Amino acid sequence: MAWIFWGVPMRSASLAEWILRCCTSRSRAASIVGDLVELRPQKGLFWFWISLAGAVMRLLWRPALALVAAFYASNWVFSIFQTTLWGAHSLHHIPVSINIPGTNHAVPAEILFRILVGAGESLWLILVYSALRHSTLDPSTQLAAALTAATTALVFLWWQILALVGLLLFLVVVLSVFLLSRIRRNALVTVLASVLVSSSGFMLSLLLATVWQEFLKPRPWGGQDMDQHPSVLWVAFCLMLSAAWVTTATYSALRNHFSSDRLHGDTASKLLSQA
Amino acid sequence: VLRGKVELGRRIAYIVGIVKPKPPAALGEFEQLVLLAILRLGDEAYGVSIRSEIATCTSREVAPGALYTTLDRLEDKGIVRSRFGDASLQRGGRPRRYFSLTRKGHSALVSALEAYQRMMDGLDLLGGAHA
């Protein structure tokens, strides 16, 4: 039968490859499944699937742990940043709108704060995930660390002109360094695209959670209402976790895409397209 | 150009003693086995042959998942590099991924084996009182 290779139905091998591609890059998944297909005549079909399950487990435990840790860290940072920004706002009587230097435009402080909180939360998510999953030596982790440090400093010191100038200089240096080489440019694209996905995802999840809350009972909500409708918390939690998962999946996919290009050039893509 | 200047600066710093050279990457026992298997196999080192070589030399059946995660980790650390071979019918049209040691991997392995050798000096484990 044409769809059988050495005793392994082609559909099984394709399914196995599709499963592995969810956990690693396309080229690595193809080579692992190729090895399993090669050994299948000696070891059997049961061994094939058990080995695949083992490989998936080993490839997944680290990303899963990294996702949980990153999600926890980002939520923690979210609450700290919110408290700090709005606390400083009321404590220092900061004006409701902030003038952009050199222009006549004024931006409401609320919008700037929300952008800062969103960017900070996303960057912390990416930093923790990347450090645990890909090590601190990875250029994407290093860029995420630099941007996270800058954003965190901005949250705590944004009303001090000297700090703003220092941070601006720091960002210019970091961006210049990361624009110089191709590997670092790829890291820049990976981190910035992930921040965009993360911010959009968190905003969408908050919107959907609010819609669900309004659907259950229109505002205002009291403590008793929350006890009567615990699904509000669970829905919000699941939506936020989904947003975090989409972010980390995007981050890993982009990183794998770029590192695959870097390591194997066109060879892997050519071979895979021939296969 | 910039990378070259950074490298030159680093070398000068080593020479004048400002910066100590980086120690070779630490390797676990299984990582050493994998690297030795790659060295023994030469150009034919890919997942199946590495697994088989370890089994032949150590009578130890290696789980494929453990081997691939180790190889991925070693590649991410720059200790091994990989290239793709030709796709074959035997493998369902999928290419083999061949591994070889980088210079960094070679020095890490030599350093790990030297450490073992130093620990074994003076002990007659293979034929003396401890055998």
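Here the structure is a predicted model, which means the values were calculated and not measured. Below, chain A is the first sequence line, B the second, and so on; all start at residue 1.
In this structure, the portion of W47(A) lying under 4.5 Å from any heavy atom of chain B is its side chain and not its backbone. Of the two parts of I32(A), the backbone and the side chain both hold a non-hydrogen atom closer than 4.5 Å to a non-hydrogen atom of chain B. In this structure, chain A has no heavy atom under 4.5 Å from any part of R81(B). Both the backbone and the side chain of V33(A) come within less than 4.5 Å of a heavy atom in chain B.
Both cation-pi conditions hold for R96(B) and Y46(B): the charged atom is under 6.0 angstrom from the six-membered ring centre and inside a 45 degree cone around its axis.
Put simply, the side chain of T70(B) does not reach to within 4.5 Å of the side chain of V62(B), judged on heavy atoms. You'll find the side chain of R51(B) reaches within 4.5 Å of the side chain of E61(B), heavy atoms only.
The OH atom of Y98(B) sits 11.0 Å away from the CG atom of L41(B) when rounded to the nearest 0.5 Å.
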